[in-house]
Undergrad: 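Sharing a structure here in C-alpha cells format.
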Amino acid sequence: MRLLLLAPPGAGKGTQGQALARHYGITHLSSGDLLRENITGGTAVGRQVQAYLERGDLVPDSVMDALLQTKILDAVKTGGYVLDGFPRTLRQAQRAFRGVAGQSATADTALQAVLFLDVPEEALVKRLLARGRGADDNEATIRHRLQVYHTETEPLVAYYRGRGLLRTVAGDQPVADVTQACIEAISELTG
Ligand code: AMP
C-alpha cells in the first residue's frame with residue numbers, strides 16, 4: 001500500500017500516519033521527524049535545515065528529495081509507505097517518485113491513495129499551541145506555517161483530486177474515528 005497524508009500542520013498527520021502504518025504493515029515516513037532527527041543528531045543536513053524549521057519556512061526541495069527518495073524506494077520493497085509531510089509542494093510532487101536514475105514514477109512506486117485531513121483553522125492553532133513540540137510551535141511561527149501551507153501545499157489537493165487519487169476525511173473527530181474514515185476512503189480508492 002502506498003499512501004500520502006495531506007494536511008495543514010496540526011491536523012494529525014503524525015498520529016494517523018502511525019496508525020495507518022500499523023494497520024497496513026507499511027513504513028511511516030514523516031519528513032518533519034526525519035528533519036528533526038537530523039537536527040538533534042547534529043548531522044550536516046541538520047545544520048543546513050535548522051533555521052528553516054525554526055522560522056516555519058520550507059526546506060529547499062533539493063534537500064528533501066535527497067532525504068526521501070531512497071527511503072521511499074526502500075519502503076516500496078518492504079510493503080509500501082505512508083508519507084506524512086512529503087511531498088509538500090507541487091515541484092516535490094512532480095519529482096517525488098523517481099528512481100535513483102531519475103526515471104518517472106512507475107506503477108510500483110507511485111501513490112495509490114491520498115487522504116486530505118480537513119480540520120478548521122482555529123482548531124489547528126489550538127492543537128499546535130497545546131502540543132508545544134518544538135521551537136516552531138509558538139503562535140507567530142504557527143501562523144506563518146499555516147500561511148506557507150496555504151500557498152505551497154494546498155494546491156496539491158486539486159493536483160491529486162484531478163488525478164482521481166484523493167479523498168477528504170474530517171480530521172476533527174476522535175483519533176480512532178479518523179483512522180477508520182481513512183481506511184474506508186483508502187478501500188474506495190484502491191478497491
Ligand atoms: P512537520 O513536522 O511536517 O510539520 O514539518 C516541520 C517542518 O519541517 C516544516 O515546517 C518545514 O520547515 C520542514 N519540512 C517538513 N517536510 C517538508 C517538506 N516536504 N518540504 C520542505 N520542508 C519540510
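No hydrogens, no waters, no symmetry mates; every other heavy atom, side chains included, goes into these values. Both ligands and their constituent atoms are indexed starting at 1 by order of listing. Computed from a predicted model, the values in this text were never measured in an experiment.
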Undergrad: Centre of Tyr159's six-membered ring, under 6.0 Å away, within 45 degrees of the axis: is that where NZ or CZ of Arg163 sits?
TA: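 Pair Arg163/Tyr159 counts as cation-pi.
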Undergrad: I'd like to know if Lys71 pairs up with Asp74 as an ion pair, taking the criterion as any Lys NZ or Arg NE/NH1/NH2 lying under 4.0 Å from an Asp or Glu carboxylate oxygen.
TA: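 A salt bridge is absent here (no side-chain N lies under 4.0 Å from a carboxylate O).
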Undergrad: May I ask you to check whether Ser31 has an N/O atom sitting below 3.5 Å from an N/O atom of ligand 1?
TA: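 There is such a contact, yes.
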Undergrad: Heavy atoms only: which of Met64, Gln92, Arg88 lies closest to atom 5 (O) of ligand 1?
TA: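 Comparing heavy atoms across Met64, Gln92, Arg88, the nearest one to atom 5 (O) of ligand 1 lies in Arg88.
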Undergrad: Kindly indicate whether a cation-pi arrangement holds for Arg55 with Tyr52, taking the cut-offs as under 6.0 Å to the six-membered ring centre and within 45° of the axis.
TA: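 Yes.
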Undergrad: List ligand 1 atoms under 4.0 Å from Phe86, heavy atoms only on the residue side.
TA: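 Those of ligand 1 that fall under 4.0 Å from Phe86 are 19 (N).
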Undergrad: Does the pair Glu122/Lys126 count as a salt bridge with the N-to-O cut at 4.0 Å?
TA: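 Between Lys126 and Glu122 there is no salt bridge, as every charged N stays at least 4.0 Å from the carboxylate O atoms.
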Undergrad: Considering distance alone, does some N or O of Gly85 sit under 3.5 Å from an N or O of ligand 1?
TA: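 Looking only at distances, the answer is yes, because the N/O contact criterion of under 3.5 Å is met.
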Undergrad: Sort out for me which residue in Thr151, Val125, Thr141 forms a side chain to side chain contact (heavy atoms under 4.5 Å, CB included) with Leu146.
TA: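 Exactly one pass, corresponding to Val125.
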Undergrad: Between the side chains of Glu188 and Arg167, is the shortest nitrogen-to-carboxylate-oxygen separation below 4.0 Å, so that they form an ion pair?
TA: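 Glu188 and Arg167: salt-bridged.
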Undergrad: Is there a donor in the side chain of His144 and an acceptor in the side chain of Asp136, or the other way round, less than 3.5 Å apart?
TA: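 Side-chain D/A pair, His144 to Asp136: absent.
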Undergrad: Considering heavy atoms of the protein only, find what lies nearest to atom 7 (C) of ligand 1 and give residue, atom and distance to 0.1 Å.
TA: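 Sorting protein heavy atoms by distance from atom 7 (C) of ligand 1 puts Leu53 CG, 3.7 Å first.
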Undergrad: Return the closest protein heavy atom for atom 6 (C) of ligand 1 as residue, atom name and distance.
TA: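 So the nearest neighbour among protein heavy atoms is Arg36 NH1, 3.6 Å.
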Undergrad: When you measure from atom 10 (O) of ligand 1 to every protein heavy atom, which one gives the shortest distance, and what is it?
TA: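 The protein heavy atom lying closest is Arg145 NE, 4.0 Å.
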Undergrad: Give the numbers and elements of all ligand 1 atoms closer than 4.0 Å to a heavy atom of Leu35.
TA: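 Heavy-atom distances to Leu35 below 4.0 Å select 8 (O), 13 (C), 14 (N), 15 (C), 23 (C).
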Undergrad: So is there a nitrogen or oxygen of Lys13 less than 3.5 Å from a nitrogen or oxygen in ligand 1?
TA: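 No; every N/O pair is 3.5 Å or more apart.
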Undergrad: Nearest to atom 12 (O) of ligand 1 by heavy atom, Thr89, Leu34, Asp57, Val59: which?
TA: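 Minimum heavy-atom distance to atom 12 (O) of ligand 1 goes to Asp57.
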